[in-house]
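In what follows, every chain begins at residue 1, and chains take the letters A, B, ... in the order their sequences are listed. Values below: all heavy atoms of this structure, side chains included; hydrogens, waters and symmetry mates excluded.
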There are 2 protein chains.
Amino acid sequence: MTSNRMYLNAFDMNCAGHQSPGLWTHKDDQSSTYKDISYWTHLAQVLEKGRFDAIFLADVLGTYDVYQNSRDAAVKQGVQVPVNDPAFVVPIMAQVTKHLGFGLTVSTSFEHPYVFARRMSTLDHLTKGRIGWNIVTSYLNSAALNIGLDQQISHDERYEIADEYLDVTYKLWEQSWEDDAVVLDKEKGLFTDPSKVHDINHEGKYFKVPGAHLCEPSPQRTPVIFQAGASTRGRKFAAKHAELVFISVPTKEAGKVLVNKIREAVRAEGRDPSEVKILSLVTPIIGETAEDARAKYEDYQNHASYEGALALFGGWSGIDFSEYKANQPIEYVKNDAIQSIVETFTNIDSTKNWTVDDIAKFVGVGGMGQVAVGTAQSVADQLEGWKEETGVDGFNVAYAVTPGTFEEFVEHVIPILQDRGLVRREYEEGTFRKNLFGYDHLPAHHYGKKFSKLTVTK
Amino acid sequence: MTSNRMYLNAFDMNCAGHQSPGLWTHKDDQSSTYKDISYWTHLAQVLEKGRFDAIFLADVLGTYDVYQNSRDAAVKQGVQVPVNDPAFVVPIMAQVTKHLGFGLTVSTSFEHPYVFARRMSTLDHLTKGRIGWNIVTSYLNSAALNIGLDQQISHDERYEIADEYLDVTYKLWEQSWEDDAVVLDKEKGLFTDPSKVHDINHEGKYFKVPGAHLCEPSPQRTPVIFQAGASTRGRKFAAKHAELVFISVPTKEAGKVLVNKIREAVRAEGRDPSEVKILSLVTPIIGETAEDARAKYEDYQNHASYEGALALFGGWSGIDFSEYKANQPIEYVKNDAIQSIVETFTNIDSTKNWTVDDIAKFVGVGGMGQVAVGTAQSVADQLEGWKEETGVDGFNVAYAVTPGTFEEFVEHVIPILQDRGLVRREYEEGTFRKNLFGYDHLPAHHYGKKFSKLTVTK
């Protein structure tokens, strides 16, 4: 593959209404069949046909209840609720594919790293090394309350906990079992050489894990690390750990600024800024003609839900837009948080005096990411242009309707990207990390790999 | 099916060396391929062909480190270590079967019930209602240490916690979402009726869960409840919650006593004693002739591991047999715990002065359960006799070598059991619970179902 390669993830979630709230009402949308094995096997096969690098599965463990100070809007519109555990659809998709990677979102706030590390090793074994971990620290207050906390832990402390959580998992994955610990010598009757299985003796501020990992080394050991932190603290965390960073920006200008900040943070951690791959959210809307595509976008917008979009946006921004008038420009609101939102949307289209209604309409199809509307040729052009102008390495492709958006993208846009040498025609053999970077394990200079070199005592 | 039906589970674990330590060295054993999708798809297909009710997946989250005060023997012999998470092989097996149930072991000690409840609902959705939950409170001290506890919580308090844990999950599964909450009305734009989604407002001694369940109602709501508690407190817990109880006894006499105790405990909880199905552990060893079968058993015993068996037995009993001589009758040991073990083994064969070596040999093939050695006809006779004389409802069939033991059982023994009207020739349609008991949900008189009737306020 040329260095010009365009990395592609599909972006989905084990629920309906992921990034396009209300679109479940569209006749072409099957997102409400998320509970069926067949939805996932079909999707995985479509994506592998399209030579996607991975499917990236989002997750939340709470409901969006900022808008109207209630979860009702989200519940009514099926906005990321009901939501099932994404981890179980990974083995289902692995069973019908050979190369597709899996980026699984799991929060560091809900389960113990000793237990979690076994889950990921199990998935890495079953998928033959195709698992990635999208690390989140969880932003929904409703989720924190339900695991018995009085309120969400502060943003920065969540990252402190996450940093130690990562240390524990690196020790379990990288340090505990040596490569040749499992011998399987039937003659000698030796399954595993106990001198090559090490206790990690972790004792930190938040976790105490004295023992050894429960799993033998999996093909990648540490899963490919995804991260999406956009805050300063989140970027620092990503710069230290992440191999793949996901951003969600509505304009090229915002994309460019954020890409530069991320690469700068990666450099500050002593890593090659280009070694972290940055993927930007896009929802492609493809028509046979430009007019056709435009009409399709309008049709989707007409199916988008006003209250669903504001429920979603409320969860992300913390702002309850039900307190403001729908059809008046939001500039009239005197509130610091809203001012930054005014700025964001003015950057999207400065000819418009954005109203709450406009914001809902914009968010309603494709969330806060880019929407690429046009013929297949034009969508390919837009992606290539976006990549060149912002410096991203590729895209997280979200659906407006599923699996239709993915099917259309694979059928019409992928062949063009392949003709341009941006997307492979055939997968190479090997693990997910090998497919992305050419090596199976974390590289020697990665923070997490350092744990494998420590002198360990059993 | 006649009331004479023989319930059958297969018993396996996401590791090698489940109940027959050391047998991984046998040329016919493939248990070390537990990491491969193909091991599980093949096994599931064999079991469904044999009209098994379910596959029951055991689990531990620690290592067996009582013997020699070290985990080394278990590690060397691959005795339930390395051990992967069993939950992820369920969707894999569900994908290639239509009727087989899945009994998944998950401890109440390692994850929060709010998060766990979503996992089980997700699996119940994906399997179309074929999930069961084997509730354990975890007996290995090594597991407790690794989630940061200074020592294992006491046996009885673990059951107190488990009781409240169950309350939380019943509320999430049975009470939170009404049957018709999810509307999916594309015209009206109503995904879910928010007035039919209820907060559970749980506030107990160990858990605080104010919110609603994250998942829409799954086919069974509460998974089929398995339990294996043999202690008095464990039996009380099982009598209150369990629909299926698993026992592991080496003699009919011990089986009969335990079955009566369990049925008595069920009656004491106000339930019909026969409504709980009791399955007993058996390892079938099938030959073309009786001599052939006997030779096979001896061959297996020769592959069993002395230290592996004592590692396993040490974890179960808490006794470190490395402190005692291998070839002297254990009667010489003056220790209360050992005396009860002497009694157990004397009951198995009173003509023998049991030594540590004999115990290791016995445990080495089939753990502490029954071993049924003989022709297919004889094994069928033994199972039928065991069922009649002890009052069990069926068996948990473990392997000596896998998948060979299961393949032989399905090929040779199942047709005989079918001819006798003990095992179905065809599955009925429907959920796992329906297949077992004729209904999809917990019955109205079950403790867990009572939560669905409470007046709830949103």
The criterion is side chain to side chain contact (heavy atoms under 4.5 Å, CB included); which residues satisfy it with B/Val66, sequence neighbours excluded?
B/Asp320
Quick check on B/Ala74 against chain A: is it the side chain, the backbone, both or neither that has a heavy atom closer than 4.5 Å?
neither
What part of B/Lys27 is in contact with chain A, defined as an atom under 4.5 angstrom from a non-hydrogen atom: side chain, backbone, both or neither?
backbone
Ion pair A/Asp199/B/Arg71, N-O distance below 4.0 Å
yes
Please check this pair: side chain of B/Thr97 against backbone of B/His99, looking for a donor-acceptor N/O pair closer than 3.5 Å.
no
Would you mind checking which part of B/Val60 comes under 4.5 Å of any heavy atom in chain A, side chain (CB onward), backbone (N, CA, C, O), both or neither?
backbone
For chain A, which of B/Asp193, B/Asp185, B/Thr63, B/Val90 has the most heavy-atom pairs under 4.5 Å?
B/Asp185
Side-chain contact test, heavy atoms from C-beta onward, threshold under 4.5 Å: evaluate it for B/Tyr206 versus B/Asp167 and give yes or no.
no
Under a 4.5 Å heavy-atom cutoff, which of B/His303, B/Glu203, B/His213, B/Lys128 has the most pairs with chain A?
B/Lys128
Contact origin within B/His26 toward chain A - heavy atom pairs under 4.5 Å
backbone
Could you tell me which portion of B/Thr41 (side chain, backbone, both or neither) has an atom closer than 4.5 angstrom to a non-hydrogen atom of chain A?
side chain
Contact origin within B/Ala73 toward chain A - heavy atom pairs under 4.5 Å:
neither
Considering only heavy atoms and a distance below 4.5 Å, find which of B/His112, B/Lys208, B/His202 pairs most often with chain A.
B/His112
Does A/Arg130 use its side chain to pair, donor to acceptor, with the backbone of A/Thr431 at less than 3.5 Å?
no
Output yes when B/Asp179 and B/Arg221 qualify as a salt bridge under the 4.0 Å nitrogen-oxygen rule, no when they do not.
yes
Which atoms of B/Glu216 are under 4.5 Å from chain A, going by heavy atoms: the side chain, the backbone, both sets, or neither?
both
Test log, rule ring pair (Phe, Tyr, Trp, His ring centres under 6.0 Å), inputs B/Trp133 and B/Phe116
CA-CA 11 Å; B/Trp133 174 24; B/Phe116 168 72; 4.5 Å; yes
Distance in Å, A/Lys35 NZ paired with A/Cys15 SG, rounded so as to fall on 0.5 Å steps
11.5 Å
Report which part of B/Phe207 has an atom under 4.5 Å of a heavy atom belonging to chain A: side chain, backbone, both, or neither.
neither
Excluding sequence neighbours, so at least two apart, what forms side-chain hydrogen bond (donor to acceptor under 3.5 Å, both in side chains) with A/Asp124?
A/Ser218, A/Gln220
Region of B/Asn14 that comes under 4.5 Å of a non-hydrogen atom in chain A
side chain
Under 4.5 Å, counting heavy-atom pairs only, tell me which of B/Val96, B/Asp65, B/Val115 racks up the most with chain A.
B/Val115
Check whether A/Ala181 gets within reach of chain B through its side chain, its backbone, both or neither, counting any heavy atom under 4.5 Å.
neither
Do you know which of B/Ser121, B/Ser305, B/Ala87 has the most heavy-atom pairs under 4.5 Å to chain A?
B/Ala87
